[in-house]
Amino acid sequence: MHPKDSLQDTAAWFGLLDQEQQTRVRHDVQFTHYTAGAMIERKGGQAYAWIGVHAGLVKVSVGNPEGKMASLTGVPVGGWIGEGSLLKHEARKYDVVALRDSVIARLPESTFNWLLDSSIPFNRYLLHQLNERVGQFIGKAEYDRLLAPDARVARCLAELFNPLLYPGKGEMRLDITQEEIGFLARTSRQRTNQALRALEDAQLLKVEYGAVQVLNLDGLKSYGQ
DNA sequence: TCATTAAATTGTT
DNA sequence: AACAATTTAATGA
């Protein structure tokens with residue numbers, strides 16, 4: 001099946017549009033495949049499109065010339081990012097990297113702005129998303145510094161399962177390897193493995209082969225606090 | 001459908 | 001970081 005036929009599945013806002021708007025979006029959206037580790041957007045680059053994760057898994061990070069990387073966010077299928085740079089007409093503020101083979105959807109800036117002008121539901125959706133992001137960012141400021149690795153892993157997972165930002169069909173299960181979780185939480189794979197089993201003992205989630213299933217999302221959010 | 005093999009992921013040191 | 005064990009995916013009878 002062609003990717004454009006499944007926009008409905010990976011863009012929660014698509015269903016909010018009327019026929020004309022859907023037609024134009026379907027026509028304007030472009031899909032690009034990235035292999036694991038590939039740089040999707042560079043910090044400093046001009047923002048010309050809204051970025052949607054159609055398949056795979058992506059991380060947002062800000063790297064510095066040293067090995068040090070600042071805090072980052074994972075974005076699973078269904079997540080749309082980069083509207084900040086688009087709205088403010090700025091250069092990209094973060095790097096976007098494919099954690100595994102991924103398909104990225106790009107909605108051109110002109111189309112994005114056209115939707116902003118023509119669709120109230122779309123505006124409402126964006127407002128919702130921005131508000132949710134602020135909350136996430138504030139939470140991150142607290143836990144990022146002085147929290148045990150277990151708690152960092154817990155928070156990273158809680159973010160990935162945010163049902164508002166990433167509507168994964170209400171499914172509390174995500175295909176992600178422990179190595180990938182390690183990249184997001186900035187923990188070694190071994191430490192991630194330990195953390196996951198600690199969280200499993202706490203009945204917060206279930207670890208599966210190449211996937212995790214969340215049992216208690218609120219418990220994850222507040223783990224270690 | 002089942003058995004065999006390779007590849008990916010996890011568990012342990 | 002290296003290695004062993006386990007799970008999944010692919011292949012062919």
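Naming convention: chains lettered A, B, ... in sequence-line order (proteins, then strands); numbering from 1 in each chain.
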(message) Looking at A/His128, I want to see if its NE2 is surrounded by more than 12 non-hydrogen atoms of other residues, nucleotides or ligands under 6.0 Å.
(response) no
(message) Taking only side-chain N and O atoms of A/Arg191, does any of them lie within less than 4.0 angstrom of OP1 or OP2 on B/dG11?
(response) no
(message) What is the separation between atom CD1 on A/Ile181 and atom C1' on B/dA8, rounded to the nearest whole Å?
(response) 15 Å
(message) What is the separation between atom CG on A/Asn193 and atom C1' on B/dT12, rounded to the nearest whole Å?
(response) 9 Å
(message) Exactly one of A/Arg133, A/Arg92, A/Lys93 should register a salt bridge (charged side-chain N to carboxylate O under 4.0 Å, His left out) with A/Glu83. Which one does?
(response) A/Arg133
(request) For A/Arg189 and A/Asn193, test the side chains for any donor-to-acceptor distance below 3.5 angstrom and give the result as yes or no. (result) no
(request) Quickly work out the A/Arg197 CZ to B/dT9 P distance and round it to whole Å. (result) 18 Å
(message) Atom CZ of residue position A/Phe183 - does it have more than 12 heavy atoms of other residues, nucleotides or ligands inside 6.0 Å?
(response) no
(message) Is there a side-chain contact (heavy atoms from CB on, under 4.5 Å) between A/Val212 and A/Ile181? Walk through the geometry before answering.
(response) CA-CA 10 Å; A/Val212 294; A/Ile181 295 174; 4.2 Å; yes
(request) Using whole Å, report how far CG of A/Asp101 lies from C1' of B/dA8. (result) 13 Å
(message) If I take atom CD1 in residue A/Ile176 and atom C1' in nucleotide B/dA8, what distance separates them, rounded to the nearest angstrom?
(response) 15 Å
(request) Whole angstrom is fine here: how far is it from CG in A/Leu196 over to P in B/dT10? (result) 9 Å
(request) Side-chain contact test, heavy atoms from C-beta onward, threshold under 4.5 Å: evaluate it for A/Val75 versus A/Val60 and give yes or no. (result) yes
Between the protein and nucleotides 1-10 of chain C, list the N/O to N/O atom pairs that are separated by less than 3.5 angstrom.
{"from": "C/dA1", "atom 1": "N7", "to": "A/Gln190", "atom 2": "NE2", "distance (Å)": "2.8"}
{"from": "C/dA1", "atom 1": "N6", "to": "A/Gln190", "atom 2": "NE2", "distance (Å)": "2.1"}
{"from": "C/dT7", "atom 1": "O2", "to": "A/Tyr209", "atom 2": "OH", "distance (Å)": "3.1"}

